[in-house]
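Read through the structure below, which is laid out as structure tokens, and then see the notes.
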2 protein chains.
Amino acid sequence: MKVDQQFTQHHPPPRDDLCRTIEVVHPKLSTTTMLTDDDTFDSNGDDEQLYTPPLNFSMVDNGIFRSGFPDTANFSFLKTLGLRSIVYLCPEPYPEHNVEFLKANRIRLFQFGIEGTKEPFVNIPENLIREALKVVLDVRNHPVLIHCKRGKHRTGCLVGCLRKIQRWCLTSIFDEYQRFAAAKARLSDQRFMELFDTSSFKDIPPCPCSCSKR
Amino acid sequence: MKVDQQFTQHHPPPRDDLCRTIEVVHPKLSTTTMLTDDDTFDSNGDDEQLYTPPLNFSMVDNGIFRSGFPDTANFSFLKTLGLRSIVYLCPEPYPEHNVEFLKANRIRLFQFGIEGTKEPFVNIPENLIREALKVVLDVRNHPVLIHCKRGKHRTGCLVGCLRKIQRWCLTSIFDEYQRFAAAKARLSDQRFMELFDTSSFKDIPPCPCSCSKR
């Protein structure tokens, strides 16, 4: 694909194996070239085109979105968000089509390999959630999309911990978690959020999110 | 209450009985007075205070929120959103405590009296939904909170029609509707959204929402 020739992919050494990133560098990118790249993924000039957000898509806060795994049908919608980065919470390699979409739209991928488990064997790695939260809270990465496979458990835990930092009460955090997890809601996830210690985030400058006190 | 003496409440003649509004006018409001008003509703100086968003609260788009009926426990959270207006979709009068909260925070109320009905007697007044949508789409009213009683049906239909204007496909519109309505999801609501004709909104300048094409 033409895109492959224009972009350079970097795999910086992972920080303590917590996070893998794909950085997309544009050596000589003109406005014209950008439009051509866009067309690669949006060749349909039809103004009546409908958009298909990914499963379980929602806005979390200003510049922060969440969803299940996006596939090619969701790309034209995702483009409208003007994403700067994606926080991906599964250990599986990112599919080739998705990597190409990231390159063409200069989106940086932050991958935190959290295993998908089932109760009673749930073990959420707190250190990975903490590192992912730092990425999500950094406005330089906004707009950012958080996703795992179905947007229920791993994404739900991360957003729940973000809400704790925003000082939401647990009732409201669980209300939101359960809205996305529905019949698959897990007590173990909710216990993880309840026990999550936010004191290490006290030093972060005032949260830029609209739902935090300002 | 002191607040009552400081604010003037206007009831402009309703436009074709579609919408009632409460406008709050501050004749001589200094910054000091505003802070005092704030304290009326937030006397707790505790920095560790937790926030309680209303039931079914969520961000719909930039400057647009949705929820169930807010009560006094939710006021400190709602204040953090810096709301400019509320779109209220029930015919019942707004409770006195909520009216006081609006006055103290200079929030304008747009009331569209849509009756709460149960299947098979659901009859959603399309003209009211259209008028409410115009208010929601007007950035001069942002940030705006849309709410009914439980944030499921009336609010769900209004947001679903907004998504149609944003050109979401029906699958995604229903996915979002069902997330909030859960076991109470209604086919009649979904049929209403499917049949809703958005052509009259074509003249509206490009939708300012983040999820629309830009």
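Every chain is numbered from 1, with letters handed out A, B, ... down the list of sequences. Values below: all heavy atoms of this structure, side chains included; hydrogens, waters and symmetry mates excluded.
Considering every non-hydrogen atom in both B:R179 and A:S58, the closest pair reads NH1-CB, 4.1 Å. Heavy atoms only, all atoms of each residue included: B:R167 and A:Q49 are closest at NE-O, 2.9 Å. Contact between A:D175 and B:N56 at its shortest, heavy atoms only, is OD2-N, 3.2 Å.
With a 4.5 angstrom heavy-atom cutoff, B:L78 does not touch chain A via any of its atoms. For a residue to count as touching a neighbouring chain, one of its non-hydrogen atoms must lie under 4.5 Å from one of that chain's; by this rule B:T52 touches chain A with backbone and side chain alike.
Side-chain atoms of B:M59 and A:N62, non-hydrogen and from C-beta on, do get closer than 4.5 Å to each other. Side-chain atoms of B:P53 and A:W168, non-hydrogen and from C-beta on, do get closer than 4.5 Å to each other.
Between atom CG of residue B:L55 and atom CD of residue A:E176 there is a gap of 12.0 Å, rounded to the nearest 0.5 Å.
Heavy-atom pairs under 4.5 Å with chain A peak, among B:S172, B:G63, B:P54, at B:S172.
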